[in-house]
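Counting convention: from 1, in listed order, for ligands and their atoms alike.
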Amino acid sequence: MSDFVKSRLNMKRRILIVDDEEINRMLLKNILSNDYEVLLAENGKEALEIARSEKERLTAILLDLRMPVMDGYEFFGLLKQDEVLKRIPVIVLTSDKEAEVKSLNMGVADFIPKPYDVPEVILARIGRIVQLYEDRNIITATQFDSVTELFNREYFLEYETIVDQYYPEDDKDMIAVNVNRFHVINATHGRELGNKVLSTIGKCIKDYVHNYHGIAGRFDADKFFIYIKDGDHAEKLYEAICASLKDVLEDTDCRIRLGVYKKASENPDIARRHDYAHLACNSIKGNYTEHVAYYDDEISKREHYEEKLIHDLDKALAEKQFKVFFQPKYKIQSGEPELGSAEALIRWVHPELGMISPGVFIPLFEDNGLISKVDYYVWKDAAEHVAKWRKEYGVNIPVSVNVSRMDMLSENLADEFVSIVDAAGIDVQSLLLEITESAYTDDKANIIATVKELREKGFRIEMDDFGTGYSSLNMLTDLPFDVLKLDMVFVRNIHSDERALKLVEFIMEIAKYLNVTVVAEGVELKEQYEQLKLLGCDVIQGYYFSKPLCADDFEELLRKEINHDN
Ligand code: C2E
Ligand code: CA
Ligand code: CA
């Protein structure tokens, strides 16, 4: 017997007796009231009211069929329409043999024939039904996840082995389904909509696997798994889920991704089956053109590589394997281009793997929260270099550092920055903070609050990768920032494509309206540079002037600039 039942043993269970004859009600009440708390109703209508107000606390209903106002059949029909009430066992009281059969076919739990038998028999009969239903409800309650009505993790694993045992001849696939950035839906639209999304996906998956004799479960949050006879299910599932989500979400954007581990049944290691499907699923995270991915050797190799990077991170920080590079930014509107500032960009010089670009490890560390350690290292290093250049060359070259969205969630971010600049002995204006546009759109309220605090302390904010985060014009006017950093996709074709040029012209207008400075990055060609200058762009960063340089090379450049000026 489960703990749940045991805990309920001390409690008197409630039984509702529904009968229009007072004598019958009293007779039954007498028999039951030692063991049960008894409620009484004279007809279906009254019974329904009581049932609705008692809901979860009702253990069983004893029901007469022929009554005035609302008879037993109608009452039973209405009971079945309620998700909670339909689980309460109904025992029919009748003297009519035909009605016994009819009511059993309708789905009542049992019947007690009138006139009433020996009290012990009635009690035993009711006791047996109560026990049966409680156990059954407990099993369903623990087997299924309450939000989606799919199996929970434990039962999914249990059934997976059963499926293997019973259908050993079939090849079966493991499919993982995830919602892209589910936490954002929860955070910006509330848990209620989040749950609605999950239950809609759950229902869709349930219907699908039912047709193909598969099983499905929800693990934590937005992780679903499906174990199903080998076939081309993933694309069909994708279509089906997207279609049903459209109704729930209207204009809210929500996308899903699927990962498939084909012939998972050949791998006896059950945990690995899930891992591989999940890895395939994550291989297209943040990729908005692909929705389905299959586990293969490449994914497996990448997985090992990433595991190694995570494993090596602390050692790398301690041994200073990370090198901060500086890419110069030039002011271009007043005469000759002039070195005005730089962006700090990190590289990892790994003792075994060689030079690793931030494009590889930054997204990885953003995923698992380790990014903050790396960023802190860069911020400190950048501040110290600004101080060094001032001391050694008498110049003030501010440096922009990248602040990832994770960092923005830290409560004392502003204080951290203040202590970094204080420790280095530079002023707040010498450390510019780059925040990617999409961070603003993800979690607007929180980000705005943090940015406001930073600006109050005197820091200047650059909105990085502008044009890739889907801010609306409307939204931009609410967002606090000082510099707009035009993403390189806009720069790429500016010299060759009329439409690209028009777009940049438009962005320049916006910047003027918002009264912010514009930096263009990824400028590689003279034509791009000239075009941007013509359009009024203030600052240029890109290979046209210089690649990111290691600290020594950057100092060399500084020396040249100083000599050149003199
Ligand atoms: P980002 O912030 O947009 O940085 C600009 C990227 O463009 C850099 O790539 C830079 O080397 C590259 N770039 C600059 N000029 C040109 C050009 O003319 N042509 C082309 N094709 N590329 C150019 P990098 O250094 O590989 O950094 C990639 C991304 O990694 C950065 O994009 C940034 O999002 C991230 N990142 C780099 N360092 C850090 C860091 O310390 N912290 C965090 N959170 N992210 C960082
Ligand atoms: Ca940047
Ligand atoms: Ca950028």
Side-chain angles (χ1 to χ4, degrees), residues 286 309 313 316-317 320-330 332 341-349 355-385 398-410 413 416-417 420 431-440 460-469 481-495 507 518-529 531-532 537 539-551 553-554:
L309 297 189
L313 174 63
L317 285 165
K320 298 196 186 305
Q321 292 171 13
F322 289 104
K323 302 290 171 212
V324 180
F325 276 49
F326 298 91
Q327 186 174 32
K329 292 179 178 177
Y330 284 83
I332 59 164
S341 56
E343 176 176 6
L345 293 160
I346 194 172
R347 274 95 186 90
W348 185 348
V349 186
M355 173 90 107
I356 310 171
S357 118
V360 173
F361 60 85
I362 296 283
L364 173 67
F365 293 151
E366 272 178 342
D367 261 5
N368 51 29
L370 295 169
I371 187 68
S372 302
K373 291 190 192 183
V374 179
D375 279 343
Y376 188 76
Y377 177 96
V378 177
W379 303 339
K380 228 168 120 260
D381 187 278
E384 284 161 8
H385 274 98
V399 170
S400 315
V401 293
N402 290 286
V403 182
S404 65
R405 68 189 79 220
M406 263 304 183
D407 304 323
M408 296 300 289
L409 301 175
S410 154
L413 186 69
E416 260 174 55
F417 273 119
I420 287 174
L431 207 59
L432 295 151
L433 313 182
E434 294 195 6
I435 301 167
T436 185
E437 184 195 358
S438 62
Y440 279 91
R460 304 209 311 139
I461 309 294
E462 301 193 12
M463 190 190 269
D464 202 357
D465 313 316
F466 183 85
T468 61
F481 62 97
D482 308 276
V483 178
L484 180 160
K485 237 186 142 177
L486 186 64
D487 193 78
M488 49 185 103
V489 296
F490 299 100
V491 173
R492 194 164 300 144
N493 298 319
I494 189 173
H495 58 297
I507 294 176
V518 178
V519 178
E521 64 181 328
V523 180
E524 296 180 355
L525 308 169
K526 190 160 191 271
E527 296 94 307
Q528 295 167 336
Y529 159 70
Q531 193 60 265
L532 285 158
C537 177
V539 176
I540 296 278
Q541 177 184 350
Y543 297 170
Y544 173 64
F545 284 114
S546 168
K547 293 204 164 180
L549 305 170
C550 68
D553 289 350
F554 189 81

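- For the residue pair K329 / S400, a side-chain donor-acceptor distance below 3.5 Å is found, with atom types taken as modelled.
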| field | ring pair (Phe, Tyr, Trp, His ring centres under 6.0 Å) evaluation trace for F466 with F490 | value | CA-CA 9 Å; F466 183 85; F490 299 100; 7.5 Å; no
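- The aromatic rings of W379 and F417 sit tilted relative to each other, their planes meeting at an angle between 30° and 60°.
- With no hydrogens or angles considered, no side-chain donor-acceptor pair links D407 and S410 at under 3.5 Å.
- Salt-bridge formation is not detected for the pair E366/R405: no Lys NZ or Arg NE/NH1/NH2 atom is positioned less than 4.0 Å from an Asp or Glu carboxylate oxygen.
- In this pair, F365 and W348 present their aromatic rings tilted. The plane angle is within the 30 to 60° band.
- Excluding waters, the set of protein N/O/S atoms under 3.0 Å from the Ca ion (ligand 2) reads E343 OE2, N402 OD1, E434 OE1, D464 OD2.
- Without hydrogens or angle criteria, Q327 side chain to S546 main chain gives a donor-acceptor distance under 3.5 Å.
- For K547 and Y543, the positive end sits near the middle of the six-membered ring, less than 6.0 Å away and at most 45° from its axis.
- Side-chain atoms of Q541 do not come within 3.5 Å of backbone N or O of A342 as any donor-acceptor pair.
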Can you give me a line-by-line list of nitrogen or oxygen pairs between ligand 1 and the protein shorter than 3.5 Å?
| unit_1 | atom_1 | unit_2 | atom_2 | d |
| --- | --- | --- | --- | --- |
| ligand 1 | 2 (O) | E343 | OE2 | 3.3 |
| ligand 1 | 2 (O) | N402 | OD1 | 3.2 |
| ligand 1 | 2 (O) | D464 | OD2 | 3.1 |
| ligand 1 | 3 (O) | D465 | OD1 | 3.3 |
| ligand 1 | 15 (N) | Q327 | NE2 | 3.0 |
| ligand 1 | 18 (O) | Y543 | N | 2.8 |
| ligand 1 | 19 (N) | E524 | OE2 | 2.5 |
| ligand 1 | 21 (N) | E524 | OE2 | 3.0 |
| ligand 1 | 22 (N) | Y543 | OH | 3.4 |
| ligand 1 | 25 (O) | R347 | NH1 | 2.9 |
| ligand 1 | 25 (O) | R347 | NH2 | 2.8 |
| ligand 1 | 38 (N) | I346 | N | 3.2 |
| ligand 1 | 42 (N) | D375 | OD1 | 2.6 |
| ligand 1 | 44 (N) | D375 | OD1 | 3.0 |
| ligand 1 | 44 (N) | D375 | OD2 | 3.3 |

